[in-house]
Engineer: 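Below you will find the structure I want to go over with you.
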Number of protein chains: 2
Amino acid sequence: MASQGTERVSSQQLSERLDLSAAQIRKDLAQLGELGIRGVGYDIAGLVERLTKVLRLDQGYRMVVVGMGNLGRALSAYFGFNHGAFVVVAGVDPDPEKFGLDVGGFTVRPLEDLAQIVRDEGVDLGVLAVPASAAQESYDRLVAAGVRGVLNFAPAQVQAVPQAPLKSVDLRIYLEELVFSLPEDAEPDSSSISTE
Amino acid sequence: MASQGTERVSSQQLSERLDLSAAQIRKDLAQLGELGIRGVGYDIAGLVERLTKVLRLDQGYRMVVVGMGNLGRALSAYFGFNHGAFVVVAGVDPDPEKFGLDVGGFTVRPLEDLAQIVRDEGVDLGVLAVPASAAQESYDRLVAAGVRGVLNFAPAQVQAVPQAPLKSVDLRIYLEELVFSLPEDAEPDSSSISTE
DNA sequence: AAGACTTTGTGAAGGATGTCACAAGGTACC
DNA sequence: GGTACCTTGTGACATCCTTCACAAAGTCTT
C-alpha cells in the first residue's frame, strides 16, 4: 500500500486484505500505542514505521548460508535480491569442488573459514541448507563463530542454546498442510475424525 | 522413532520431544480414538498408521513445479528425493533456454505443455516457484490444467478458488520471526511494547 | 456551527483452548 | 495372586483469545 502511494487505511480495509476481523486488527494495533485517528483510520507511513521498529526491521541483518547445494543457492538468491533488512553476504560449503563457485553476489568459500567470515563480514544470522545429518554440527559451528540466530531448513531436530535462537522450517509440513486442506472427494472413513 | 525400531512411547516422552505438555498430547491423540493403552503408552506403529491416514498421507501425491529457476530446482530436489507421499514428476518454465535442462529425475518442459502434463502424468498438486508478478497467472494456469491444490512460494497475494486450495509460504517471514526471537541487547525503546 | 457520518479504542461477554488431577485400566515382580 | 507402580482418558477448572457493542473523536456537508 505504501509503495502504491495510499496514505490511509481503515481496520475494515485491512480486515478484508488479511482475512481477519476488523476488531482483531484494532485490538492488535492498539497494543502498539494509539496509532489510528478516530473517524479517519490509520496513517500507512506511520504504521510501517512503527511496525518496522517493533519487529526490529529498522536495522540491517547480514547473513551467511551454510550448504551451497540446490537449496542453499536458491535461498541465497531469494534472500540476497531482497532490498529489505536482510542481505546474504557469504556462503560456505564443505565440498572443495564448490569453492570459488559464483552464485551471484559472492563466491562459495570453505566451511573452515566460517568463523573468520563471521568476524570479518559482521555476520548476524546463519542459514542452514545442509543435509539433516549435518544440521547439528553446522549449528554448533555457527554459534561458535558468533552468530546471533540461525534459520534451519534441514529436516532435523537441532538442539539450540539461548544465546543463538534457532528457527526451523520444514518445507514438507506445508505440503502436508496443503493436502489436508484439499476438498475430500468421497472419503468414507473421515466420519471417525469429526465426531461432535 | 519407528525407523529406530522403538515400539512404544508415552505422552511424557512425546511431550519432551515436541515441547508440549503431556496432557495436551493425550487430549489431542484421544481425539483420534483410544490409541493408547493405559499403563503402557502408545504403540508407535499404530500411531504412525492412524496419523498417516488422518493426515491423508496414505496416498501418493504427484506434483509439478512451475518456474525452474534457483528455487524451483531446489524445491524439486528437496521434494523429489523424498520417498514419502510426495513426488515431483515434472517441471515447467516459460524460458525456452531452460527447455530440456536436466534437473535430476526429469527435464524442464515448456509452460505451454502444462495442461497436457497434468493430464498425462496424473498430477495432483502444483508448486509455484515463479516471480511474484507471475504468481496469479501461474496459479490460474494450474487450476485450469486441473490440479487439486497449489503450494505458492512467491511473495504475492494470489486469489484462489475453492476447488484448488492455495497455501502460500513466504520465506522472509521466518527471517522476521527469527530476528524477533533474538535476545535484545540493550534496546531502550522496547518499553513501550510491554506495557502492563 | 450543527448534525450526519466514519472510524478508532476498549470494557464486557462469550467462546475456545490448555492444564490439573484423578479414576480406570494395565504391567511387573515377588 | 496380590501389591506397587505406570500411564491413559477425561471431567472440571483456569486461562487466553476473539467478538460485540458503544463511547469518544474526527471529518464533511450544508
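These figures come from a predicted structure and were not determined experimentally. Numbered from 1 within each chain, the chains take letters A, B, ... in sequence-line order.
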Engineer: Measure CD/Q31(A) against P/dT8(C) and give the value in whole Å, please.
Structural biologist: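 So the CD-P distance, Q31(A) to dT8(C), works out to 16 Å.
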Engineer: Can you tell me if Q136(B) uses its side chain to pair, donor with acceptor, with the backbone of Q159(B) under 3.5 Å?
Structural biologist: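 A pair under 3.5 Å: yes.
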Engineer: D19(B) CG to dG18(C) P: how many Å, rounded?
Structural biologist: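 Taking atom P of dG18(C) as the reference, CG of D19(B) is at 14 Å.
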Engineer: Quickly work out the R26(B) CZ to dG11(D) C1' distance and round it to whole Å.
Structural biologist: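 Rounded to whole Å, this separation is 13 Å.
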Engineer: Please tell me which of the listed nucleotides, dT10(C), dT19(C), dA23(C), lies nearest to the side chain of K27(B)?
Structural biologist: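 Comparing dT10(C), dT19(C), dA23(C) against the side chain of K27(B), the answer is dT19(C).
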Engineer: Can you find a side chain N or O atom of Y42(A) that sits less than 4.0 Å from OP1 or OP2 on dT6(C)?
Structural biologist: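 So the side-chain polar atoms of Y42(A) never come under 4.0 Å of the phosphate oxygens OP1 or OP2 of dT6(C).
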Engineer: Give the rounded distance in Å between these two atoms: CD of Q13(B) and P of dT7(D).
Structural biologist: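 Spelled out: CD on Q13(B) to P on dT7(D) is 8 Å.
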Engineer: On the six-membered ring of F86(B), is R172(A) placed so that its NZ or CZ lies under 6.0 angstrom from the centre and within 45° of the ring axis?
Structural biologist: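 Geometry flag: not set, cation outside 6.0 Å or 45°.
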Engineer: Considering heavy-atom distances to DNA chain D, does L20(A) or G39(B) have its closest nucleotide positioned more toward the 5' end?
Structural biologist: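 Taking each residue's closest nucleotide, the earlier one in sequence belongs to G39(B).
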Engineer: Which is true for L35(A) with a 4.0 Å heavy-atom rule: it touches a base, it touches only sugar-phosphate, or it touches nothing?
Structural biologist: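 Sugar-phosphate, backbone atoms only, no base.
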Engineer: dT7(C) P sits how many Å from I25(A) CD1, rounded?
Structural biologist: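 One finds 14 Å between P of dT7(C) and CD1 of I25(A), rounded.
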Engineer: By nearest heavy atom, map R8(B) and A23(A) onto DNA chain C; which one lands nearer the 5' end?
Structural biologist: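 Nearest-nucleotide comparison on DNA chain C picks A23(A).
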Engineer: From CD of Q24(B) over to P of dA16(C), roughly how many Å is that when rounded to an integer?
Structural biologist: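 Atom CD in Q24(B) sits about 16 Å away from atom P in dA16(C).
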Engineer: Counting heavy atoms from C-beta on, name the nucleotide in dT10(D), dG26(C), dT10(C) closest to the side chain of I37(B).
Structural biologist: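 Of the candidates, dG26(C) comes closest.
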Engineer: Mind listing the side-chain donor-acceptor pairs of residues 102-125 of chain B below 3.5 Å, one per line with the distance, residues two or more places apart or on another chain?
Structural biologist:
{"from": "Q116(B)", "atom 1": "NE2", "to": "D120(B)", "atom 2": "OD2", "distance (Å)": "3.4"}
{"from": "E121(B)", "atom 1": "OE1", "to": "R62(B)", "atom 2": "NH2", "distance (Å)": "3.1"}
{"from": "D124(B)", "atom 1": "OD2", "to": "R62(B)", "atom 2": "N", "distance (Å)": "2.9"}

Engineer: Compare side-chain N and O positions of S11(A) against OP1 and OP2 of dT7(C) and report whether any pair is under 4.0 Å apart.
Structural biologist: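 Result: no.
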Engineer: Using atom CG of D43(B) as one end and atom P of dG26(C) as the other, report the distance to the nearest whole Å.
Structural biologist: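 Going from D43(B) (CG) to dG26(C) (P), I get 15 Å.
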Engineer: When the distance from CG of D28(A) to P of dT19(D) is rounded to whole Å, what number comes out?
Structural biologist: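 So the two atoms are 10 Å apart, to the nearest Å.
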Engineer: What pair of heavy atoms forms the shortest contact from A85(A) to Q59(A), and how long is it?
Structural biologist: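 Nearest heavy atoms, A85(A) then Q59(A): CB-O, 3.6 Å.
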Engineer: Got Y139(B) and N152(B) here, is their nearest side-chain heavy-atom distance under 4.5 Å?
Structural biologist: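 Result no, sub-4.5 Å side-chain heavy-atom pair not found.
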Engineer: If only side-chain N and O atoms of Q12(B) are considered, is one of them under 4.0 Å from the OP1 or OP2 phosphate oxygen of dT7(D)?
Structural biologist: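 So the side-chain polar atoms of Q12(B) never come under 4.0 Å of the phosphate oxygens OP1 or OP2 of dT7(D).
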Engineer: Taking only N and O in the side chain of S21(A), is any of them less than 4.0 Å away from OP1 or OP2 of dT19(D)?
Structural biologist: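 Indeed, a polar side-chain atom of S21(A) lies that close.
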